[in-house]
Number of protein chains: 2
Amino acid sequence: MDRKQEILEAASKSFSLFGYKATTMEQVAKLANVGKGTIYTFFANKEILLQEIVLKMILEMKAEVEVEIDPTLPFRDNAHRVLMKILQFREVHQLYAKLVEEEKELRTPAVKIMLERVESEIVSYIAEKFDIAIGKKELRECDSELVAYLLYKAYIAFVADWGQTHEKELTEDQIASLFQNTIFRGLLP
Amino acid sequence: MDRKQEILEAASKSFSLFGYKATTMEQVAKLANVGKGTIYTFFANKEILLQEIVLKMILEMKAEVEVEIDPTLPFRDNAHRVLMKILQFREVHQLYAKLVEEEKELRTPAVKIMLERVESEIVSYIAEKFDIAIGKKELRECDSELVAYLLYKAYIAFVADWGQTHEKELTEDQIASLFQNTIFRGLLP
DNA sequence: AGATGACTGAAAATGTTTTCTGGTCAATTT
DNA sequence: AAATTGACCAGAAAACATTTTCAGTCATCT
């Protein structure tokens, strides 16, 4: 039985269930059936433990998102599907959701850092896709990093923020057509 | 000497200097050279006092922004100037800046509510300008409320958020050309 | 050599006392 | 009579004291 793996799984479960601050190393040790000291032979500290788990989650997210891409569809449709999938993952994936909540409520610094890491990873991923589409002349030349950031922040605004201050949530179709008619339209060659 | 005016000015100064939570009604009374009870003959409570001051600030902001509009310029240039002016106001105007800071650090509920009010006012203002431009066929038909919200959130993202996670700030020209080549381009007829 | 859990200091939670402050209202001034 | 005022109050918040928790270490054990 792989002790490192056991620890990762135990910690992942605990972080997902109780959040970063509320899971103790002792609890993780108990869940993983190891002594507390053993954890520290594999992971320098609690923060690094979280980091390794989040890195795994990013890979998982990429894999799930990649499935959404249908090469026969136009770029804008794939981009929309990918972004909606990412933001859905943010709400559905236990660990991600818990970390987002903890960052908003508790402002745990370690969590803030990890979420920034995830965000930067997402934006880079989208920027890559942009570069590919630009290479294929599906899109006009543009600063893919900036446009990716713009798209990500704009999607967050409508999927996560809008509901906070408005009575009726937007449907996915409304969001799709808004972006269709503004940003994606402006990006066509 | 207009007592109500005195109170408004004293409170405005104090809110700007110390924030909402840190200004006491007694302090405002002293600054305005009135008894504490007098304040309550003009304003139902502390929150209403803030509200009246913020409402004044919104008018001030509109007036300052309106000056930026040059009817000979294309819509996109005016929109950019207006949004940059608004976000600059947010940083430069003492009261606005203080309230933004207080909302981030202290999360005073009354302040949160007021800032939401200001935001909604800004978005409505931008939406109005969109409707006018759409009427003049300068822009394609679109849901002005949604597009205004998109623009506002996107500008905030680049002017306020980008610097938090990136080494080098963006220049105003970079921001202008990004929006030029994406959203505004997509909005042309 | 690798695993362990008792141990430690620092930080957080909890409990307790004191101070502060938004709002009221009877007394005072105009 | 109408407007103004500041002493007063209750509840909130700060300040302080005390206890508990927990990340990380390390001497001991297997």
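Just so it is clear: chains get the letters A, B, ... in the order the sequence lines come, proteins before strands, and each one is counted from 1.
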Contacts under 3.5 Å, N or O only, protein and nucleotides 28-30 of chain D:
none

Just the table, please: protein N/O against nucleotides 27-30 of chain C N/O, every pair under 3.5 Å.
none

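The interatomic distance linking B:E47 (CD) with D:dA12 (C1') rounds to 16 Å, in whole Å. With rounding to whole Å, A:K30 atom NZ is found 13 Å from D:dT21 atom P. Atom CD1 of B:I48 is separated from atom C1' of C:dG22 by 14 Å (rounded to the nearest Å).
Counting only distance, with no hydrogens or angles, the side chain of B:H166 and the backbone of B:K168 share no donor-acceptor pair below 3.5 Å.
When the local axes at the two ends of the helix from C:dA1-D:dT30 to C:dT30-D:dA1 are compared, using 5 base pairs at each end, they differ in direction by 20° after rounding to 10°.
Residues of residues 17-26 of chain A having a heavy atom closer than 4.0 Å to DNA chain D, listed by number: A:T23, A:T24, A:M25.
For A:L170, the side-chain contact (heavy atoms from CB on, under 4.5 Å) partners two or more places apart in sequence, or in a different chain, are A:F158, A:W162, A:Q174, A:I175, B:L146. Residues satisfying the ring pair (Phe, Tyr, Trp, His ring centres under 6.0 Å) criterion with B:F75, sequence neighbours excluded, are B:F130.
Side-chain N/O atoms of B:R3 include none lying less than 4.0 angstrom from OP1 or OP2 on D:dA2. The side chain of B:T41 places no N or O atom within less than 4.0 Å of a non-bridging phosphate oxygen (OP1 or OP2) of D:dA3. The phosphate of C:dG22 has OP1 or OP2 within less than 4.0 Å of a side-chain N or O from B:K46.
In terms of heavy-atom proximity, A:A32 sits nearest to A:I7 at CB-CA, 3.8 Å.
Among C:dG23, D:dA23, D:dT4, the nucleotide with an atom closest to any side-chain atom of A:Y40 is D:dA23. For A:V34, taking side-chain heavy atoms from C-beta onward, the closest of the listed nucleotides C:dT4, D:dC8, D:dT5 is C:dT4. Out of D:dG24, C:dG22, C:dT4, the shortest distance to the side chain of B:K36 is found at C:dG22.
Residues B:V118 and B:Y96 form a side-chain contact, since some pair of their non-hydrogen atoms from C-beta on lies under 4.5 Å apart.
A cation-pi arrangement, defined by a distance under 6.0 Å to the six-membered ring centre and an angle within 45 degrees of its axis, is present between B:K46 and B:Y20.
Side chains of A:E172 and A:H80: a donor on one and an acceptor on the other come within 3.5 Å.
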